[in-house]
**Student:** 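Pasting a structure below so you can have a look.
Computed from a prediction, not measured in an experiment: that's the story for all the values here. This chain uses plain numbering: 1 for the first residue, then up along the sequence.
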Amino acid sequence: MKKENVNNLHSQESFSDSDAVSVQDSEYSQVKVPLNKRQGFWQLFFVMVGFTFFSPSMITGGQLGIGLNFRDFVLAVLIGNGFLAVYTGLLAHISQKSGYNLDLLAKKTFGSSGSILSSALVSFTQTGWFGVGVAMFVLPVAQLFGINKYLLILITGLLMTITAVLGIKALSIFGAIAVPLIAILGSYSSALSIGKVGGWSNIFSDNPAQPLTLTVAIGMVIANFVSGGTSTPNFTRFGKTSKQAVWATVIAFFFGNILMISFGAIGASVYNEADIFNVLILQGLMIPAILTLGFNIWSTNNNALYTAGLGVSNITKLPIKYSTAIMGVIGTVSAIILYENFTSFLTLLGTFIPPVGAVIITHYFLNKDDVTSDVFDKENKLNITALIAVVLGALAALLIPVGIAAINGLLISAVAYLILVKVMPKTAN
């Protein structure tokens with residue numbers, strides 16, 4: 001018995017023993033968040049709503065406003081954001097119970113080597129969102145004021161990177177600033193649009209000029225923030241209770257996202273312009289648009305870059321401050337390319353990211369005690385069954401011609417993992 005216990009101790013480790021540098025990391029990038037460092041509902045609320053108050057969501061809303069009648073618009077935002085709320089709510093619960101960020105949950109699920117998959121995927125997509133956000137703010141501002149766009153991108157990207165390096169406290173502060181500003185501006189802009197056409201009943205066309213199917217519209221809503229949703233554990237691990245973490249997340253991804261998409265849809269329906277910045281300019285709101293959207297994008301970019309930094313830290317073992325700075329430089333340099341390929345980027349997110357989150361969720365409910373423990377198994381290098389399930393989910397999202405790609409990928413990967421752990425138990429953690 002004693003020999004068995006000794007062997008077991010050698011086969012397992014906790015991050016507090018294996019990585020002394022990480023213990024000193026105030027962002028807890030390689031360890032569980034201590035209970036005495038957890039945050040209350042309002043801190044989580046501003047972080048999560050500040051994250052989902054993302055200006056590209058209003059562009060997606062603009063596309064829906066031009067392409068859907070009122071009935072289909074309501075169905076698309078309710079179904080799409082309902083899916084996101086359930087998906088992210090589960091991840092919020094898991095991360096609060098465990099205290100782990102997405103990358104450590106992936107290490108529990110996929111193994112130390114296998115977790116590189118999810119870290120790479122999410123880091124890439126969140127760096128992409130960061131670059132899109134930088135370009136979305138800089139390009140119209142540079143055009144309006146005749147400023148060199150490349151210089152302004154470098155300055156803006158550098159400033160956003162600096163604040164992201166400051167960590168979770170900066171995210172909460174920026175969220176508290178951005179949320180009320182964008183809510184006020186969006187409400188005022190929507191009121192102007194409704195007044196221009198003589199009332200709410202005249203907002204949506206019964207026969208849109210550029211019609212979208214309901215399935216495509218729901219897929220757009222989900223793809224718009226499914227990558228961000230997968231990174232939910234990076235923020236909700238700081239929650240004091242599961243209830244607070246879940247509610248902050250559900251409010252953000254359901255009500256907050258509906259609000260942002262609706263702001264974009266109403267303006268686009270009236271002005272036939274999907275870009276919310278252009279709508280605000282047409283309404284004579286140039287200065288408020290620049291200031292408010294600037295803070296809004298900055299807040300979201302902080303969250304995105306913070307997530308990318310955590311992922312790269314898991315892969316390279318670099319301190320999170322350095323990994324965040326590196327990804328900030330990459331996102332800044334590639335900002336214009338990412339912005340000009342926005343539709344392709346959304347398609348990529350909707351295909352590859354949900355299977356990773358689905359397998360993490362499924363693994364948690366099969367192995368709650370293991371996932372929430374402080375101990376990591378040294379022997380768990382690669383969980384083949386989890387990786388196979390992700391690949392099957394991604395293939396389903398790419399190849400199944402019916403339904404919604406993100407949902408297809410999530411469901412197939414979850415079901416596949418449930419089956420594979422029974423068929424191939426020796427390869428599952």
Side-chain angles (χ1 to χ4, degrees), residues 27 29 46-60 84 88 91 101-103 118-138 153 156-175 178-179 182 223-237 249 252-253 256-257 260 293-314 320-321 323-335 337-339 341-342 345-346 348-350 352-353 356-357:
E27 298 303 313
S29 60
F46 282 118
V47 170
M48 297 308 296
V49 178
F51 191 23
T52 57
F53 268 33
F54 188 30
S55 296
S57 296
M58 291 191 279
I59 293 181
T60 299
L84 288 174
T88 57
L91 288 170
N101 61 40
L102 176 67
D103 301 287
S118 69
S119 293
L121 277 174
V122 177
S123 295
F124 168 74
T125 55
Q126 290 305 296
T127 301
W129 281 121
F130 176 83
V132 167
V134 171
M136 185 178 181
F137 173 68
V138 165
I153 280 176
T156 304
L158 175 62
L159 291 174
M160 291 180 176
T161 299
I162 290 172
T163 56
V165 168
L166 296 177
I168 195 71
K169 291 182 179 179
L171 306 188
S172 181
I173 292 170
F174 265 87
V179 167
I182 197 67
N224 179 63
F225 230 106
V226 72
S227 178
T230 305
S231 65
T232 292
N234 293 335
F235 317 111
T236 51
R237 63 194 168 112
T249 302
F253 279 93
N257 218 27
M260 292 296 289
L293 291 180
F295 273 115
N296 171 244
I297 292 172
W298 199 327
S299 171
T300 303
N301 270 9
N302 279 341
N303 293 55
L305 193 55
Y306 181 79
T307 290
L310 283 171
V312 173
S313 178
N314 180 55
I320 185 173
K321 291 185 177 182
S323 61
T324 300
I326 290 170
M327 300 313 288
V329 171
I330 293 172
T332 299
V333 171
S334 58
I337 295 173
L338 291 165
Y339 183 76
N341 293 276
F342 189 66
F345 192 61
L346 283 180
L348 176 65
L349 299 185
F352 291 100
I353 300 301
V356 173

**Student:** Minimum heavy-atom separation for G229 and T88, please, with both atom names.
**Tutor:** CA-CG2, 3.3 Å
**Student:** Would you compute the distance between atom CD1 of I173 and atom CG of L166 and round it to the nearest 0.5 angstrom?
**Tutor:** 8.5 Å
**Student:** Given side chains that start at C-beta, do those of I326 and S323 come closer than 4.5 Å, heavy atoms only?
**Tutor:**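 Answer no - side chains too far apart.
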**Student:** Which pair of non-hydrogen atoms, one from V47 and one from N303, has the smallest distance, and what is that distance?
**Tutor:** O-ND2, 3.4 Å
**Student:** Looking only at heavy atoms, which two atoms of S299 and G50 are closest? And how far apart?
**Tutor:**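 Shortest heavy-atom contact: OG-O, 3.5 Å.
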**Student:** Is it true that a side-chain atom of T324 and a backbone atom of K321 form a donor plus acceptor pair closer than 3.5 Å?
**Tutor:** no
**Student:** Check whether any side-chain heavy atom of I320 sits under 4.5 Å from a side-chain heavy atom of Y306, and report yes or no.
**Tutor:**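 In short, these two side chains touch, coming nearer than 4.5 Å.
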**Student:** Nearest 0.5 Å, what's the CG-OG1 distance between N302 and T161?
**Tutor:** 9.0 Å
**Student:** Please name all residues satisfying ring pair (Phe, Tyr, Trp, His ring centres under 6.0 Å) with F46, sequence neighbours left out, ordered by chain then number.
**Tutor:**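 Listed in chain order: nothing, the list is empty.
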**Student:** Report yes or no: does T332 contribute a side-chain atom to a donor-acceptor pair with the main-chain N or O of G328 at less than 3.5 Å?
**Tutor:** yes
**Student:** Which residues pass the side-chain hydrogen bond (donor to acceptor under 3.5 Å, both in side chains) test with N234, sequence neighbours left out?
**Tutor:**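 Only T307 meet the side-chain hydrogen bond (donor to acceptor under 3.5 Å, both in side chains) criterion with N234.
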**Student:** Of all the heavy-atom pairs spanning T127 and A308, show the shortest one and how long it is.
**Tutor:** OG1-CB, 3.4 Å
**Student:** If only atom types and distance count, is the side chain of S123 paired as donor or acceptor with the main-chain N or O of A120 below 3.5 Å?
**Tutor:** no
**Student:** Could you tell me which residues satisfy side-chain hydrogen bond (donor to acceptor under 3.5 Å, both in side chains) with S172, sequence neighbours excluded, listed by chain and number?
**Tutor:** none
**Student:** Could you give the distance from CE (M48) to OG1 (T232), rounded to the nearest 0.5 Å?
**Tutor:** 4.0 Å
**Student:** Is there a donor-acceptor pair under 3.5 Å between the side chain of T300 and the backbone N or O of I297?
**Tutor:**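 It does not hold such a pair.
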**Student:** Using a 4.5 Å cut-off on heavy atoms from C-beta on, say whether the side chain of M136 contacts that of I59.
**Tutor:** yes
**Student:** Just so I know, are the side chains of T52 and S57 near enough to count as touching, which here means a heavy-atom distance under 4.5 Å?
**Tutor:** no
**Student:** Any side-chain heavy-atom pair from L310 and L102 closer than 4.5 angstrom?
**Tutor:** no
**Student:** With a 4.5 Å heavy-atom cut-off, do L159 and W298 have their side chains touching?
**Tutor:** yes
**Student:** Of all heavy-atom pairs between V226 and T230, which one has the smallest distance, and what is that distance?
**Tutor:** O-OG1, 2.9 Å
**Student:** Under the side-chain hydrogen bond (donor to acceptor under 3.5 Å, both in side chains) test, which residues partner S313, sequence neighbours left out?
**Tutor:**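 Residues passing side-chain hydrogen bond (donor to acceptor under 3.5 Å, both in side chains) with S313: Q30.
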**Student:** F51: which residues meet the ring pair (Phe, Tyr, Trp, His ring centres under 6.0 Å) condition with it, sequence neighbours left out?
**Tutor:** F225, F235
**Student:** State, to 0.1 Å, how close G228 and S231 come at their nearest heavy-atom pair, and which atoms those are.
**Tutor:**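 So the minimum-distance heavy-atom pair works out to O-OG, 2.7 Å.
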**Student:** For N301, give me all partners under side-chain hydrogen bond (donor to acceptor under 3.5 Å, both in side chains), at least two apart in sequence or on another chain.
**Tutor:**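 Partners of N301 by the side-chain hydrogen bond (donor to acceptor under 3.5 Å, both in side chains) criterion come out as none, since no residue qualifies.
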**Student:** State, with a plain yes or no, whether a side-chain heavy atom of M260 is found less than 4.5 Å away from one of T60.
**Tutor:**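 No, side chains not in contact.
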**Student:** About how many Å separate CZ of F130 and CD1 of I330, when rounded to the nearest 0.5 Å?
**Tutor:** 11.0 Å
